[in-house]
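Heads up, the thing below is written out as structure tokens.
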2 protein chains.
Amino acid sequence: MGQTVATIDDVAKKAGVSKGTVSSVFSKKRPISRQVTERVLEVAKDLGYFPNHVARSLAIKKTMIAGLKMPISKDSNMSGFEIQMINGVMKECSKNGYRLLLDTLPEHDDPTQFSIDPVDGVIMLNPRKQDPRIERYKQMGIPLVLVGRPDPEDETVCYVDNNNRDLGFKVGEYLLGIGHRDILFLNAASDMTVAYDRENGLAGSFAAQGIPYGSVQVLNYSRKMHYNAAEYGYRSIMETFGKKHYTAVIADTDRVALGVLRAARELNIDVPVRLSVIALSNDATVAQETTPKLTSVDQSAEILGAEAAKILIEKMNDSSIVHQRVIDAKLVIRESCSHLS
Amino acid sequence: MGQTVATIDDVAKKAGVSKGTVSSVFSKKRPISRQVTERVLEVAKDLGYFPNHVARSLAIKKTMIAGLKMPISKDSNMSGFEIQMINGVMKECSKNGYRLLLDTLPEHDDPTQFSIDPVDGVIMLNPRKQDPRIERYKQMGIPLVLVGRPDPEDETVCYVDNNNRDLGFKVGEYLLGIGHRDILFLNAASDMTVAYDRENGLAGSFAAQGIPYGSVQVLNYSRKMHYNAAEYGYRSIMETFGKKHYTAVIADTDRVALGVLRAARELNIDVPVRLSVIALSNDATVAQETTPKLTSVDQSAEILGAEAAKILIEKMNDSSIVHQRVIDAKLVIRESCSHLS
DNA sequence: CTGAAAGCGCTTACAG
DNA sequence: CTGAAAGCGCTTACAG
């Protein structure tokens, strides 16, 4: 009430100049004489005037904001992977003068509810199969970079991704190498491309050695079923140990692995002697501090995020470019797996 | 080039209705007949039309975006406290239909560079003493909620904060209780109100027991000096152990504590036998997985964030309200401190 | 239920 | 170096 915010008009009037002049003083896009500049700045200060970012964005069709589209479940927090990725994105954006719009709102299906967001481009996490959002961003004319690969493959979309097939293959190779055959794979949700790629790679490692893949049991994370990632790991062990036979478990993320380790502790299962545990993502701070230290795959989440941001920034300046970068993940052997005796 | 994005005008023209009608179909703010609605929607789909959020925001003076103002250092990642806080803010915002604008851009001092951001309100982390931004937001007419208290005290600004004085007091009381007198305090940066409050509380605990405070040595974190929080902890120990005498160290955050633990390991100092370590913030996942498990203060960062968001959301609807909430922190005793023999 | 027009607060050719 | 005016893409009283 009453107390209203000063606009460019107020300043122009009080300083006795045109709006264009005030605009130029602030944007510095055209030279304004020293005297006028000073008068305008003084009046602006008096009035408590600050340029309105939204109005400016509308006029120049640019917001200097990058969007980060990221699902979030109500009850679980960000995973180590997500946090590191955001860190990478954030630093890169900050360095280039971009802010970050974190968009964690749930998807809707009402066509009336979509809108062209106040962003110059977006980074989207975990695209799903046939993800309709990819086409939508194209229509909106908003540059898009995926973290994770599009499915089906699409030559026209930018993305950065781990080589998830290779990752699954390496893990399989490693576990087979130390004698494990009976493996419980706590995989990601089944509609995610990573889940497919990793299992595909794992199966590949068995095939390469002529070992039947049947001894691998795969579970999939489900938002409906599991309270959060750690619970997924915990419950899966609690419910299957003793019933199903396995000597090693592959956990989708470090969080899942924490749940697995907790369950093992409660059931008095010695890790890694009686059970080997390996995680498919690696929060450096966490993995090094568990007991035993967690053997895991380093997905370089921060690098992935930074790469995505770099590509996006490039693309926001030249929308015609397309980059697709696949980053190799590497196995970090710590203490949670042992040779099957 | 060439390929341009459809606007409300295009749709109106092609559907043979007015812009107002198209607007109403999408906003549902006034009833439109079924037939017209269908025609408009169809044309919109054909044209790949989506309402422009920026234009809409300008017209209705509302963005449905909350800002999160958070400093970030180039080389260090978010602390556990920040991550948890963001989690709290994010969930609360998401629940209420708000997006989050992460603003980590460094502060500048050119008055020409400030602008009214595309947000309906902002949450600001770690206000500094005499923080000029507080007044600025007031002038901009943007609702503000601080995480941390304003200094000097100000009855008109909203904030949530831990009771940092009490926190310092409790920690002091605890350490004194188990026989420690010679304490190294790796405090936050000296220009932060939390640093002052905590040391103040710590000194209070000594005073309460009539013990001279002189045996406490306080260091302050400095962006210029320290590469990141963990390094701060690590270096501080490496450089002082053996030279200064202390039997316990208070680490500002869990990250700092990780650095301290690492230094202790390298120097072969047995924690907690020869050195007690306590952290003033608590990343549950991390603290429970260190060896020994880290005794720390639970600042309920997520609750703090959620509270801040709740207050902000209230304030965005009624800018006259003022809430100040102080949340008590509690000591979580794990394994990293021991009685001085 | 729908339209015409003014307005949100900026920017930017164009003209001088 | 500066001004007048059109334009960015929406919304919303007002009128019918």
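Here is the naming used below: chain letters follow the sequence lines, and residue numbers restart at 1 for every chain. What you see is a predicted model, and the numbers here were worked out from it, not measured in a lab. The figures here come from the full heavy-atom set of this structure, side chains too, leaving out hydrogens, waters and symmetry mates.
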- prompt: Looking at CD1 of A/Ile313 and SG of A/Cys93, how far apart are the two atoms once the value is rounded to the nearest 0.5 Å?
  reply: 5.0 Å
- prompt: What integer number of Å spans the P atoms of D/dC10 and D/dC14?
  reply: 24 Å
field: Close residues, residues 25-32 of chain B, relative to DNA chain D [heavy-atom separation under 4.0 Å]
entry: B/Lys29, B/Arg30
statement: Under the rule of Watson-Crick or G-U wobble with both distances under 3.5 Å, where | means paired to another strand and [ ] a crossing pair, DNA chain C maps to |||.||||||||.|||
- prompt: What nucleic acid atoms does B/Ile60 come within less than 4.0 Å of, heavy atoms only: base, sugar-phosphate, or nothing?
  reply: sugar-phosphate
statement: Walking DNA chain D from its 5' end, the first of A/Arg34 and A/Lys19 to be reached, judged by nearest nucleotide, is A/Arg34
field: Pairwise salt bridge (Lys or Arg N to Asp or Glu O under 4.0 Å) hits with a residue in residues 303-319 of chain B, at least two apart
entry: B/Glu307-B/Lys310, B/Glu307-B/Arg325
field: Spacing of CD1 belonging to A/Ile83 relative to CG belonging to B/Asn87, to within rounding of 0.5 Å
entry: 6.5 Å
message: Suppose you measure atom P in C/dA6 against the same atom in C/dT2; what distance do you get, rounded to whole Å?
response: 23 Å
- prompt: If we take the P atom in both C/dC1 and C/dA5, what is their distance in whole Å?
  reply: 24 Å
field: Leading and trailing nucleotides of DNA chain D with any atom under 4.0 Å from heavy atoms of chain A
entry: D/dC1 to D/dG9
- prompt: Under a 4.0 Å heavy-atom cut-off, which of residues 45-56 of chain B touch DNA chain D?
  reply: B/Tyr49, B/Phe50, B/Pro51, B/Asn52, B/Ala55, B/Arg56
query: Got a sec? Which of residues 111-122 of chain A come in under 4.0 Å of DNA chain D, heavy atoms?
result: none
